[in-house]
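By convention in this document, chain letters (A, B, ...) are assigned in the order of the sequence lines, proteins followed by strands, and residues within each chain are numbered from 1. Predicted, not measured: the structure shown is a model, and the values here were computed from it.
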Amino acid sequence: MTEKMTMVKALNTGLRASMDQDPKVIVMGEDVGRLGGVFRVTEGLQKDFGEGRVMDTPLAESAILGTAIGMTFRGFRPVVEIQFDGFVYPAYDQIVSQVSRLHFRSGGKIPMPIVIRIPFGGGIGAVEHHSDSPEAQFALTAGLKVVSCADPHDAHWMIQQAIESDDPVVFMEPKRRYWESGQVDTGSTSLPLFASRVVRPGTDATLIAYGPMVKTCLESAAAAAEEGIDLEVIDLRTLSPLDLGPVIESVRRTGHAVVVHEAQRTLGLGAEVASRITEECFYSLEAPVQRVTGYDLPYPPSRVEEEFLPGLDRILDAVDRARAY
Amino acid sequence: MTDPSDPTVADIPLVQLLTPAGVRTTSPEYAYDGSLPDIQDLFRDLVMTRRLDTEAFALQRHGELGLWPPALGQEAAQVGSARALRPQDFAFPTYRDHGVVLCRGEDPVHLLGIFRGSSLGGWDPSEHNVALPNIIIGAQTLHATGYAMALTLEGLVGTGDPERDAASIAYLGDGATSQGDFNEALDWAAVHQAPVVFFCQNNQYAISVPLERQTRVPISQRADGFGLPGVRVDGNDVLACHAVTTAALQRARDGQGPTLIEAVTYRMGPHTTSDDPTRYREAAEADVWRAKDAIERVRLHLVSEGVPAEWFAEVQAEADALGVHLREACQNIPEPDLAELFDHVHVDTTEETEQQRAEYVAWRDSLEGSVA
Ligand SMILES: Cc1ncc(C[n+]2csc(CCOP(=O)(O)OP(=O)(O)O)c2C)c(N)n1
């Protein structure tokens, strides 16, 4: 059954399917109930599942995560919504010092099946604190798993797979892709949650991205194709654990790798990916791994965000730099 | 006249049911309705808690533990409240709540393991309904609130069935009341009418910082602004702690929502074995509190009730046996195996974790080879 829908709708139907299937799945966050979330991802869920399972919480992020932990002690599987990326920091302590470690501290006795949904990234002209990309801060936290969807089909399935996971999953939703439509096959999951995939095969260089930048990379590849350059694009999908098998296989073929993300460069995901590529593909590389990222600035005012964020020109420039070696 | 803004001398009634002289008294709202043997049981718990504590302190001094946060002086608050719990209730303790962990039936050797550096707790919280002690100040108040909300969702509140209705209890110190998490927890618990009890042991200090540097109002009064009842109890009076906690837990289980309890007590020892309290408080202060000792007053009461000396000797012998057991068990706590720890990072392990385990094991094995 294939259906065209937006990413918001895809997430919504995915959440609904999980809630239908497992009465222990509960949704909580700010404005997720009556309003259906500021992005409407939880629209209609409270009406159908009741206020007990779809809870409008007081405005307190640390408490959203802290109480979710308590609920897991009774077998619940909370899916919490952090309203925007920039508001996850008040919950950071509960996430990194509690959620990520309780399974470990208990010697494997307590699972923490919490999904932390975070609409993240820029490109929508938002005000301050509404465009951050904090994924690396969670990816470097042992005990957490971090994923990001790039299109509606993945969004639909990945959210359900994340909810099924007995480990805590930070689920990064590329908010600038929320309203883009795509085909969703509601009958087939196609890929496991913690696997990357080649979204466009190519031979001349490998672009590696996730979340919002996958589409930007595909557009870059289309533009490059007009100049006769054939780019492979890989959607990482999973940021922790990283699934670099397809990346390594690809870079061994193309000899050139460009990692693209919106997050600031220093110690971003790109640094890790580049380092692993160097370890695994040293003799195949024809150029150093390039990174195209946000600059090491706090997220700038939105009128200059297009220059801050990686776009087609910067990506293609990096491809040229790599190919010029 | 007392300064109403001084949280330490606030003239808010302090529930007390047993005076430092061991005399039973009454309070208009709370009563301890246990029998003499029940009080003897509480006495035994107090003595065992103190023995665990002094033994662990000594083990630290002998180099067997890296650190120990003593509970000396706070036994009544811990035992009185923990013994008010039913098996189906759930406790979320801090690093200092050894008496709570002990009363829940968890093996105290686990506590030694934490402070020896052999484990991070490691027990299954659902076995005795007691969570791993939290070191992050205040965080567990939210866990207890979420747990209580889950109880409500499961319909385990207000059914009138004493075997079924349940509540949670969060332990915290006076310093923790300054944390955002605690304030968020009070608010949530009140908004959701969650069946949770916040049990604050106001032992007057957060490491070196006295209470008046944490709050301008008495802790029990903090409840008012959040819309839940606050109670102030003599934290060195095990009967009073038991009575107020029993009442608060019952309110919670009945579906009438959360309560904040402030047990006014004193940390007789240092913050931890690494701390030097002479740098921030006068010795005379402790003398005042020594006269309010949690165990001595129960002993005086039991003696006045005709409990014979032999019984006290039996309890003493039990405590000595616990001491011997702890000393032995401490040295026999297995050394943690780093290779095994890789098992517990995730439920579904990752390839990366497995690779790093293999890398570590290979490196370790190569070292062993080189020594041989
Ligand atoms: C979030 C956090 N900040 C700082 C510390 C370091 N610390 C450990 S105990 C403590 C004092 C806590 O005082 P209180 O809440 O009154 O509890 P008590 O130790 O008196 O039982 C501090 C500052 C910590 N463990 N967690």
**Student:** Report yes or no: does A:D166 contribute a side-chain atom to a donor-acceptor pair with the main-chain N or O of B:V347 at less than 3.5 Å?
**Tutor:**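 Such a contact is absent between A:D166 side chain and B:V347 backbone.
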**Student:** Working to the nearest 0.5 angstrom, can you tell me the gap between A:S240 OG and B:H346 NE2?
**Tutor:**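 One finds 6.0 Å between OG of A:S240 and NE2 of B:H346.
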**Student:** Could you walk me through whether A:Q94 and B:H143 pass the side-chain contact (heavy atoms from CB on, under 4.5 Å) test, one step at a time?
**Tutor:** CA-CA 10 Å; A:Q94 287 286 347; B:H143 306 172; 2.9 Å; yes
**Student:** Would you say that more than 12 heavy atoms from the other residues, nucleotides or ligands in this model lie under 6.0 Å from the CD of B:Q355, or not?
**Tutor:**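 Atom CD in B:Q355 is crowded, with more than 12 foreign heavy atoms closer than 6.0 Å.
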**Student:** Heavy-atom pairs under 4.5 Å with chain B: which of A:R53, A:M112, A:R101, A:R276 has the most?
**Tutor:**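 Looking at each option in turn, the highest pair count goes to A:R276.
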**Student:** Could you check if a side-chain atom of B:I136 sits within less than 4.5 angstrom of a side-chain atom of A:D93, using non-hydrogen atoms only?
**Tutor:**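 Contact flag for B:I136/A:D93 side chains = yes.
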**Student:** Once rounded to the nearest 0.5 Å, what's the spacing between atom CG of B:N134 and atom CG of A:L102?
**Tutor:**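 CG of A:L102 is found 7.5 Å from CG of B:N134.
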**Student:** Quick check on the structure: residues of residues 14-22 of chain A within a heavy-atom distance below 4.5 Å of chain B, by number.
**Tutor:**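 Not one residue of residues 14-22 of chain A has a heavy atom under 4.5 Å from chain B.
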**Student:** A side-chain contact here means heavy atoms from C-beta on lying under 4.5 Å apart; do A:F73 and B:S126 qualify?
**Tutor:**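 A:F73 vs B:S126: side chains apart.
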**Student:** For B:A139, which atoms come within 4.5 Å of any heavy atom of chain A: side chain, backbone, both, or neither?
**Tutor:**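 For B:A139, backbone and side chain are both near chain A.
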**Student:** Contact part of B:D124 toward chain A, heavy-atom cut-off under 4.5 Å: side chain, backbone, both or neither?
**Tutor:**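 Contact with chain A: backbone and side chain both.
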**Student:** Checking heavy atoms, do the side chain of A:M55, its backbone, both or neither come under 4.5 Å from chain B?
**Tutor:**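 For A:M55, the side chain is the part near chain B, not the backbone.
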**Student:** With chain B, which of A:A63, A:G108, A:P23 has the greatest number of heavy-atom pairs at distances under 4.5 Å?
**Tutor:**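 Ranked by heavy-atom pairs under 4.5 Å with chain B, first place is A:A63.
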**Student:** Within residues 26-36 of chain A, which residues come under 4.5 Å of chain B, heavy atom to heavy atom?
**Tutor:**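 Interface residues of residues 26-36 of chain A: A:I26, A:M28.
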**Student:** Under a 4.5 Å cutoff for heavy-atom pairs, which residue among A:I69, A:L59, A:L144 has the most contacts with chain B?
**Tutor:**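 Going by pairs under 4.5 Å, I would pick A:I69.
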**Student:** Does the ring center of B:Y147 lie less than 6.0 Å from the ring center of A:F76?
**Tutor:**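 Aromatic pair excluded; centres sit 6.0 Å or further apart.
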**Student:** May I ask you to test the B:L151-A:R74 pair for a side-chain heavy-atom distance under 4.5 Å?
**Tutor:**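 Result yes, sub-4.5 Å side-chain heavy-atom pair found.
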**Student:** Against chain A, label B:L341 side chain, backbone, both or neither, depending on which of its atoms sit under 4.5 Å from a heavy atom there.
**Tutor:**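 Both parts, backbone and side chain.
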**Student:** I need the A:I64 CD1 to B:W188 CH2 distance, nearest 0.5 Å.
**Tutor:**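 Nearest 0.5 Å value for the CD1-CH2 distance: 5.0 Å.
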**Student:** Heavy-atom count check: over 12 atoms from other residues, nucleotides or ligands less than 6.0 Å from B:E354 CD?
**Tutor:**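 Count over threshold, so yes.
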**Student:** Identify the two heavy atoms, one from B:G146 and one from A:M71, that lie closest to each other, and give their separation to 0.1 Å.
**Tutor:**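 Closest pair (atom of B:G146, atom of A:M71, distance): O-CG, 3.3 Å.
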**Student:** Give a yes or no answer on whether the side chain of B:E352 reaches the backbone of A:P241 with a donor-acceptor pair at less than 3.5 Å.
**Tutor:**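 No: the side chain of B:E352 does not pair with the backbone of A:P241.
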**Student:** So, do A:I110 and B:P125 sit near enough that their side-chain heavy atoms are less than 4.5 Å apart?
**Tutor:**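 Yes, at least one pair of side-chain atoms sits under 4.5 Å.
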**Student:** Any side-chain heavy atom of B:H344 sitting closer than 4.5 Å to one from A:K109?
**Tutor:**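 Result no, sub-4.5 Å side-chain heavy-atom pair not found.
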**Student:** Is there a side-chain contact between B:H192 and A:P58 (heavy atoms, below 4.5 Å)?
**Tutor:**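 Counting from C-beta outward, B:H192 and A:P58 do come under 4.5 Å.
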**Student:** Based on non-hydrogen pairs under 4.5 Å, which of A:G52, A:P168, A:G143 is most in contact with chain B?
**Tutor:**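 Maximum pair count with chain B is reached by A:G143.
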**Student:** Please enumerate all residues that pass salt bridge (charged side-chain N to carboxylate O under 4.0 Å, His left out) together with B:D348, with sequence neighbours excluded.
**Tutor:**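 With neighbours one apart ignored, the set is empty.
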**Student:** What closest approach, in Å, do B:V345 and A:F104 show between heavy atoms, and which atom pair accounts for it?
**Tutor:**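 Closest heavy-atom pair between B:V345 and A:F104: N-CD1, 4.0 Å.
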**Student:** Where along residues 153-177 of chain B does a heavy atom come under 4.5 Å of chain A, listed by residue number?
**Tutor:**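 When heavy atoms of chain A are the reference, residues 153-177 of chain B contributes B:L153, B:E154, B:L156 within the under-4.5 Å range.
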